[in-house]
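Remember, predicted model here, so these are calculated numbers, not experimental data. Read the numbers this way: they start at 1 and go in the same order the structure lists the ligands and their atoms.
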Amino acid sequence: MAAIGRGILRRGIVGLPAVGSGSAARSMASWFGHVEPAAKDPILGVTEAFLADPSPEKVNVGVGAYRDDNGKPVVLECVREAERRIAGRLNMEYLPMGGSIKMIEESLKLAYGDDSEFIKDKRIAAVQALSGTGACRLFADFQKRFLPDSQIYIPIPTWSNHHNIWRDANVPQRTFRYYHPDTKGLDFASMMDDIKNAPNGSFFLLHACAHNPTGVDPSEEQWREISYQFKVKKHFPFFDMAYQGFASGDPEKDAKAIRIFLEDGHQIGCAQSYAKNMGLYGQRAGCLSILCEDELQAVAVKSQLQQIARPMYSNPPVHGALVVSTILGDPELKSLWLKEVKSMADRIIGMRNALRENLEKLGSPLSWEHITNQIGMFCYSGMTPEQVDRLTNEFHIYMTRNGRISMAGVTTGNVGYLANAIHEVTKSS
Ligand code: KET
């Protein structure tokens with residue numbers, strides 16, 4: 001133990017008893033001896049295991065990160081061009097606590113619509129956030145601070161980190177049914193029952209599009225019914241929109257659920273992420289917005305969101321925000337972005353078809369129709385954790401144990417190998 005540690009042990013430290021008095025003695029003999037290793041993250045832990053595998057055959061379809069057809073990470077051309085325009089021209093001063101005003105304005109147009117009356121009326125409190133995760137966490141902290149007795153209803157299944165986010169914000173979690181394993185589709189009737197049976201005025205977490213992990217979204221008609229029921233029950237919808245553009249290939253179409261709720265006069269919350277649709281993963285660029293009753297309320301809410309951010313990270317990073325505002329603020333770059341989003345979505349659809357065809361050609365006794373019915377980045381394959389373990393141990397294929405395949409990691413080069421391995425581990429089930 002270092003000299004400073006020994007000194008503290010002899011004297012005792014303020015607020016703690018000196019050596020020899022029971023359990024404090026144990027913890028002071030080793031400050032962190034009681035700290036057990038944390039459980040591996042079910043998604044990012046897969047990447048760690050993949051990186052540690054020396055096999056040349058290995059395939060990573062774990063994390064939701066887009067790859068090109070050679071399996072390489074992609075930087076969009078619009079992002080490269082925005083970086084060229086930004087380079088050497090700007091200083092690196094702090095952004096305001098709430099982040100870049102220009103980036104927020106552009107983000108709101110994407111989510112709420114170019115001509116949104118709510119934007120004109122300044123009814124939306126919005127701050128730049130540390131990507132989608134940071135936006136969800138800020139909202140959860142805000143919810144806890146200002147509605148301390150509220151709970152959050154979370155779909156089953158959902159992105160695993162949703163549970164961690166609301167847990168660490170100390171907001172009690174309830175669940176609602178969403179997916180039916182037999183049909184591999186939406187369990188709409190049960191979802192509606194759970195919405196009806198929740199206490200009036202509950203908070204609900206909804207995936208705006210391309211639900212993760214299931215790839216199953218309500219239809220437009222079903223969204224209208226959900227919105228109607230939310231009105232009846234006075235529930236608050238919080239939309240996590242991490243995949244705008246990845247469901248249909250068109251960010252405007254993918255905002256449909258949000259627009260339906262807006263038309264119906266809901267106040268909503270929305271977490272936006274540019275990780276996937278602009279490929280800005282590590283830049284941590286996102287936005288949290290809350291539609292308020294009027295401008296006065298929006299000013300108050302925004303000031304409180306900023307106050308939550310200040311002691312956590314003070315203000316958000318500048319580079320990703322500049323990339324986003326440069327692209328979305330320039331018609332030429334924006335249309336290039338829209339084309340690139342579409343081509344990412346199309347490549348994934350192509351891989352869905354290829355994976356299904358390959359499995360069918362191998363004579364799989366199972367139905368793989370859901371691979372092409374589901375949308376967005378993921379295929380919720382229906383494989384069991386044990387089957388996934390076999391894929392990893394015998395074939396060096398890395399994916400989350402819930403059977404989710406990140407279709408963004410499937411390529412012309414690996415789809416045959418993947419199909420063959422899936423067939424091997426599922427054919428006798
Ligand atoms: N919401 C959902 C639904 C989501 O899938 C992710 C990321 C995020 C928010 C947050 O992304 P951010 O990078 O903070 O903007 N999901 C992928 C990556 C991860 O787990 O962090 C994934 O599911 O693989």
Would you kindly specify which portion of Ser131 sits under 4.0 Å from ligand 1, judged on non-hydrogen atoms: side chain, backbone, both or neither?
-> both
Enumerate the atoms of ligand 1 whose separation from the nearest heavy atom of Asn212 is less than 4.0 angstrom.
-> 4 (C), 5 (O), 23 (O)
Near Gly64, which atoms of ligand 1 are under 4.0 Å from a heavy atom of that residue?
-> 22 (C), 24 (O)
Heavy atoms only: which of Trp159, Tyr281, Tyr274 is nearest to atom 20 (O) of ligand 1?
-> Trp159
Closest approach of Gln151 to Gln143 (non-hydrogen atoms, all atoms of both residues) = O-NE2, 3.2 Å
Short list, please: which atoms of ligand 1 are under 4.0 Å from a heavy atom of Ser273?
-> 12 (P), 15 (O)
Which of the ligand 1 atoms, numbered from 1, are nearer than 4.0 Å to a heavy atom of Val63 | 18 (C), 24 (O)
In short, Ala271 meets Phe238 closest at the heavy-atom pair CB-CZ, 3.8 Å
Indicate the atoms forming the closest heavy-atom contact of Glu332 with Asp330, along with that distance.
-> N-OD1, 2.9 Å
Considering only heavy atoms, which of Asp41, Asp240, Thr400 lies nearest to atom 3 (C) of ligand 1?
-> Asp240
Which atom pair, heavy atoms only, marks the closest approach of Leu95 to Asn315?
-> O-CB, 3.5 Å
Ignoring hydrogens, just give me the one of Arg404, His211, His162, His207 whose non-hydrogen atom is nearest atom 22 (C) of ligand 1.
-> Arg404
Under 4.0 Å from any heavy atom of Gly132, which atoms of ligand 1 are there?
-> 12 (P), 14 (O), 15 (O)
Minimum heavy-atom distance Ala198-Lys233, with the two atoms named = O-NZ, 2.9 Å
Number the atoms of ligand 1 from 1 as they appear, then name those within less than 4.0 Å of a heavy atom of Ala275, with their elements.
-> 13 (O), 15 (O)
Heavy-atom contacts with Arg284 under 4.0 Å: which atoms of ligand 1 show up? List them by number with element.
-> 12 (P), 13 (O), 14 (O)
Can you check side chain to side chain contact (heavy atoms under 4.5 Å, CB included) on Tyr380 and Ile405, steps first, answer last?
-> CA-CA 6 Å; Tyr380 202 46; Ile405 301 168; over 6 Å; no
Could you see which bit of Thr133 sits under 4.0 Å from ligand 1, with heavy atoms only: side chain, backbone, both or neither?
-> both
Atom 18 (C) of ligand 1: nearest protein contact (heavy atom, Å) | Lys276 NZ, 3.6 Å
